[in-house]
Amino acid sequence: MRRLPFVLAACAALALLAGCGGSDKKTTATTPAAPANTTAPTKTTATSAGTVEIKMQNTAFSPQVDTAKVGQSVKWTNQDAFDHNVTATKGESFKSGNFGQGGTYVYKLDKPGTITYVCTIHPGMTGTLKVVK
């Protein structure tokens with residue numbers, strides 16, 4: 001019975017490490033760094049480098065709906081203390097692996113249209129990206 005807490009902790013650790021994922025030639029993921037402080041959801045704007053920033057915080061994409069231009073990149077940053085991923089469900093076919101707090105996933109946009117995406121780990125965590133010329 002003394003080993004029960006150790007066994008339960010080991011099982012929980014293995015469950016957190018388990019997951020599915022994939023990669024796409026247009027994507028990159030990074031190892032987590034120290035997370036930034038979170039703020040209320042707001043509309044993002046492209047940085048000078050042409051990257052649209054989307055936060056993953058409070059088990060939601062922030063903003064949930066955004067607009068970007070063809071040729072820009074979208075960078076999702078996980079600000080939660082648990083893993084997330086980004087998987088396109090319509091309009092594109094990207095799929096990140098799972099990544100933890102401070103980790104990022106980047107995808108370069110190459111055609112106009114509407115992209116819907118989800119975190120497959122957390123049902124209801126959805127987002128939409130409108131890509132314009």
Side-chain angles (χ1 to χ4, degrees):
M1 294 304 275
R2 287 184 192 171
R3 288 193 243 169
L4 184 58
F6 174 75
V7 171
L8 291 175
C11 288
L14 288 174
L16 288 173
L17 293 174
C20 61
S23 63
D24 185 288
K25 64 183 178 183
K26 296 191 286 185
T27 63
T28 59
T30 62
T31 304
N37 290 333
T38 59
T39 58
T42 59
K43 174 91 172 122
T44 60
T45 57
T47 64
S48 60
T51 300
V52 174
E53 305 273 344
I54 298 177
K55 297 176 186 174
M56 303 162 94
Q57 63 184 22
N58 303 317
T59 315
F61 293 106
S62 178
Q64 187 175 18
V65 177
D66 208 348
T67 302
K69 292 183 178 181
V70 172
Q72 287 185 303
S73 293
V74 181
K75 180 168 108 175
W76 289 267
T77 302
N78 183 354
Q79 295 186 340
D80 284 328
F82 41 84
D83 284 1
H84 286 300
N85 62 45
V86 183
T87 302
T89 57
K90 184 178 176 187
E92 276 290 354
S93 60
F94 56 82
K95 181 178 181 180
S96 77
N98 298 345
F99 54 98
Q101 188 175 33
T104 63
Y105 177 74
V106 177
Y107 184 80
K108 186 168 182 178
L109 303 167
D110 60 1
K111 63 183 178 181
T114 300
I115 302 169
T116 57
Y117 55 90
V118 300
C119 172
T120 62
I121 301 171
H122 302 103
M125 189 172 167
T126 63
T128 302
L129 187 62
K130 296 175 185 176
V131 184
V132 297
K133 290 184 179 183

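On a predicted model such as this, the values are computed, not experimentally measured, just so you know.
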Query - W76-F99 aromatic ring centre distance below 6.0 Å - result: no

**Report entry** Centroid separation F82 to H122 less than 6.0 Å
**Finding:** yes

Starting at [atom1] of [X], measure out to [atom2] of [Y] and round the result to the nearest 0.5 Å.
X: C119; Y: H84; atom1: SG; atom2: NE2; answer: 5.5 Å
X: Q79; Y: T104; atom1: CD; atom2: OG1; answer: 11.5 Å
X: K130; Y: K69; atom1: NZ; atom2: NZ; answer: 16.0 Å

**Report entry** Candidate pair T87 and T120, rule side chain to side chain donor-acceptor pair (under 3.5 Å), full reasoning
**Finding:** CA-CA 7 Å; T87 302; T120 62; 4.5 Å; no

Looking only at heavy atoms, what is the nearest atom pair of [X] and [Y], with distance?
X: G71; Y: K108; result: O-CE, 3.4 Å
X: V86; Y: M56; result: CG2-CE, 3.7 Å
X: D80; Y: N78; result: N-OD1, 2.7 Å
X: A88; Y: S93; result: CB-N, 4.1 Å
X: P63; Y: E53; result: CD-O, 4.3 Å

**Report entry** Flag side-chain contact, heavy atom, 4.5 Å: V70 against V131
**Finding:** yes

Requested in this report: With the side chain counted from C-beta on, respond yes when T51 and V106 share a heavy-atom pair under 4.5 Å apart, and no when they do not.
Outcome: no

Query raised in the report: Parallel under 30°, tilted from 30 to 60°, perpendicular over 60°: which one fits the rings of Y105 and F94?
Result: tilted

Query - Verdict with reasoning, V132 to T67, per side chain to side chain contact (heavy atoms under 4.5 Å, CB included) - result: CA-CA 7 Å; V132 297; T67 302; 4.2 Å; yes

Report task. Apply side chain to side chain contact (heavy atoms under 4.5 Å, CB included) to the pair E92 and D110, showing each step before the final yes or no. Result -> CA-CA 10 Å; E92 276 290 354; D110 60 1; 3.3 Å; yes

Report task. Give the C-alpha distance, both sets of side-chain angles, the deciding distance and a yes or no for side chain to side chain contact (heavy atoms under 4.5 Å, CB included) between Y107 and S96. Result -> CA-CA 9 Å; Y107 184 80; S96 77; over 6 Å; no

Requested in this report: Test T77 against K55 for side chain to side chain contact (heavy atoms under 4.5 Å, CB included), laying out the working first.
Outcome: CA-CA 5 Å; T77 302; K55 297 176 186 174; 5.6 Å; no

Requested in this report: Report the residues that fulfil side-chain contact (heavy atoms from CB on, under 4.5 Å) with A68, sequence neighbours left out, ordered by chain and then residue number.
Outcome: V52, Q72, L109, L129

Query raised in the report: Does the side chain to side chain donor-acceptor pair (under 3.5 Å) test come out yes or no for T126 and Q64, once each step is laid out?
Result: CA-CA 7 Å; T126 63; Q64 187 175 18; 3.2 Å; yes

